[in-house]
Protein chains: 2
Amino acid sequence: MDHIYSFDEYGELLPEEKDTINQLTKAPIESLNLHSITVVTNLYRAAQGLRNKMEREVLAKHGLSWTSFSILYDLWIWESVETKKLALSAGVSKATISNITNTLERKELCYRKVDNRDRRITCVVLTEKGRKVMEELYPKFHEGEVEVVSSLSVEEQKLISSLLRRVIRENNF
Amino acid sequence: MDHIYSFDEYGELLPEEKDTINQLTKAPIESLNLHSITVVTNLYRAAQGLRNKMEREVLAKHGLSWTSFSILYDLWIWESVETKKLALSAGVSKATISNITNTLERKELCYRKVDNRDRRITCVVLTEKGRKVMEELYPKFHEGEVEVVSSLSVEEQKLISSLLRRVIRENNF
DNA sequence: TTAATATCGTTTCAATGCTAACGATTATGA
DNA sequence: TCATAATCGTTAGCATTGAAACGATATTAA
């Protein structure tokens with residue numbers, strides 16, 4: 001990553017964009033919901049920036065991606081988690097969890113364990129080494145979390161969380 | 001992707017999580033900023049869900065990723081864009097743009113053009129075929145945008161946009 | 001002018017990520 | 001019981017992603 005900035009300075013549609021969309025689609029500008037576009041644009045940019053910042057400033061030290069870290073976090077909290085649940089939690093496919101688990105196993109941060117009651121299920125378990133990494137990394141990750149939203153007041157943080165939560169709920173994200 | 005759901009049903013820290021974090025880090029629970037955690041968690045989940053939904057419901061038809069689409073969008077609006085600007089706009093590295101441009105070129109949706117004034121710079125240009133794809137895809141993408149935030153009122157959409165924009169600004173995302 | 005520096009895009013290599021197909025296991029139903 | 005269906009994790013194949021190294025070009029400084 002070189003550096004991230006806003007392609008459009010304002011986080012809203014520029015006149016050029018409106019013109020182009022108006023000219024080049026059958027849908028005239030009147031039928032475009034500009035507020036929806038703005039929400040989606042800013043939502044994705046904020047999340048992308050968040051991920052890049054964390055991977056660069058916190059996770060790079062241990063060569064972990066955002067998703068790897070989120071898997072380790074789940075294991076840290078829940079001790080042992082099924083592959084499928086890890087996928088649902090992280091919002092990625094089972095195949096991705098399988099691949100990342102391989103990488104984490106190679107780093108000796110976790111290991112697989114077949115469920116005895118249902119042998120189709122594989123549980124992933126944190127190793128002692130994995131636990132130590134989380135103990136070291138989590139406080140720094142949390143610092144980053146605080147920093148990223150520090151420009152918002154506590155009330156605004158509650159507000160944006162409740163709005164985001166509604167989006168998540170309504171879309172079954 | 002199988003299906004996405006909230007690992008924690010509430011979008012907030014569960015008692016188990018608080019306990020674990022409290023026990024396993026040197027940082028006691030009092031020093032954790034729970035609101036920051038909630039904002040970051042919900043922000044990333046919403047964005048992840050958004051991306052997955054769009055790739056699945058709109059972009060899969062043409063085998064495009066979110067990033068590929070965002071590049072095509074920039075080209076659609078601006079005709080011709082430098083590689084570096086595309087990277088900054090999409091929030092990915094130059095290398096990623098280079099790779100994706102290769103794929104898009106293979107699909108004949110764009111082509112490269114060396115800048116005559118500064119031969120270090122490569123501009124990427126949309127082809128006629130690429131323009132047609134965007135004309136077909138953009139209205140559907142926009143439908144998705146509207147749908148995703150449809151549970152929020154216009155006032156709430158303005159509000160969340162302005163909050164997100166402040167996060168973006170303050171972090172130089 | 002010329003050497004040093006900076007900038008830009010590509011390449012290399014490994015990890016992440018998805019879809020589809022697969023093999024193993026469990027559940028269901030006739 | 002036994003065939004069928006459903007569920008789970010992995011594998012195969014390909015695209016995406018980034019860090020680092022690299023070559024080409026442009027800028028700066030001496």
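Note that the coordinates shown come from a computational prediction; the quantities given were computed from them, not determined experimentally. All heavy atoms count here, side chains included; hydrogens, waters and symmetry mates do not. Protein chains get the first letters and strands the later ones, always in sequence-line order, with residue 1 at the start of each.
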May I ask you to list the residues of residues 106-114 of chain A, by number, that have any heavy atom positioned under 4.0 Å from an atom of DNA chain C?
A:R106

When you check the phosphate oxygens OP1 and OP2 of C:dT16, does a side-chain N or O of A:S68 lie under 4.0 Å from one of them?
yes

Whether the B:N171 and B:R166 side chains hold a donor-acceptor pair (N or O, under 3.5 Å, no angle test) is what I'd like checked.
no

Taking atom CD of A:E57 as the centre, report whether more than 12 heavy atoms of other residues, nucleotides or ligands fall under 6.0 Å from it.
yes

B:R56 atom CZ is separated from C:dA20 atom P, nearest whole Å, by 13 Å

Among D:dT17, C:dT10, D:dG9, which is the nearest nucleotide to the side chain of A:T83?
D:dG9

Quick check on DNA chain D: between B:N116 and B:L104, whose nearest nucleotide comes earlier from the 5' end?
B:L104

To the nearest angstrom, how far is B:F69 atom CZ from D:dT16 atom C1'?
17 Å

Of A:E55 and A:I97, the one whose closest DNA chain D nucleotide lies more 5'
A:I97

Using a cut-off of 4.0 Å on non-hydrogen atoms, how would the nucleic acid contact of B:N99 be classed: base, sugar-phosphate, or nothing?
base

For C:dC8 and B:T122 - does any side-chain N or O of the residue sit under 4.0 Å from the phosphate oxygens OP1/OP2?
no

Under 4.0 Å between a side-chain N or O of A:T96 and OP1 or OP2 of C:dC18?
yes

Whole angstrom value for the distance that separates P of C:dT7 from CD of B:E82:
14 Å

Given atom CE of A:M54 and atom P of D:dG18, what is their separation to the nearest angstrom?
17 Å

Centre-to-centre under 6.0 Å for B:W66 and B:F141, is that the case here?
yes

Do the side chains of A:K158 and A:E155 get close enough for a salt bridge, i.e. N-O under 4.0 angstrom?
yes

Modelled atom types, side-chain donor and acceptor of B:T101 and B:S98, under 3.5 Å
no

Examine D:dG18: is either OP1 or OP2 under 4.0 Å from a nitrogen or oxygen in the side chain of A:S65? Give yes or no.
no

Can you see if the side chain of A:T103 gets near the phosphate of C:dT16 - specifically, an N or O under 4.0 Å from OP1 or OP2?
yes

Side chain of A:K94, heavy atoms from C-beta onward: which of D:dT10, D:dT25, C:dT10 has the nearest atom to it?
D:dT10

Plane angle bin for B:F69 and B:Y138 - parallel if under 30°, tilted between 30 and 60°, otherwise perpendicular
parallel

For B:I71 and C:dG9, give me the distance from atom CD1 to atom C1', rounded to whole Å.
14 Å

Examine distances only and state if a side-chain atom of A:R45 and a backbone atom of B:I168 form a donor-acceptor pair shorter than 3.5 Å.
no

Please report the distance, rounded to the nearest Å, between CG in B:D115 and P in D:dA24.
19 Å

Which nucleotide, C:dT11, D:dT17, D:dC8, lies nearest any side-chain atom of B:N102?
C:dT11

What nucleotide, of D:dG18, C:dC18, C:dT10, holds the atom closest to the side chain of B:N52?
C:dC18

Quick one: A:I121 CD1 to C:dT26 P, roughly how many Å, whole number?
9 Å

Between C:dC8 (C1') and B:R119 (CZ): distance, integer Å:
13 Å

Under 4.5 Å between side-chain heavy atoms, counting indirect links through other Ile/Leu/Val/Met/Phe/Trp/Tyr residues: same cluster for A:V154 and B:L34 or not?
no

When you measure from the side chain of B:R120, which nucleotide among C:dC18, D:dT16, D:dT25 comes out closest?
D:dT25

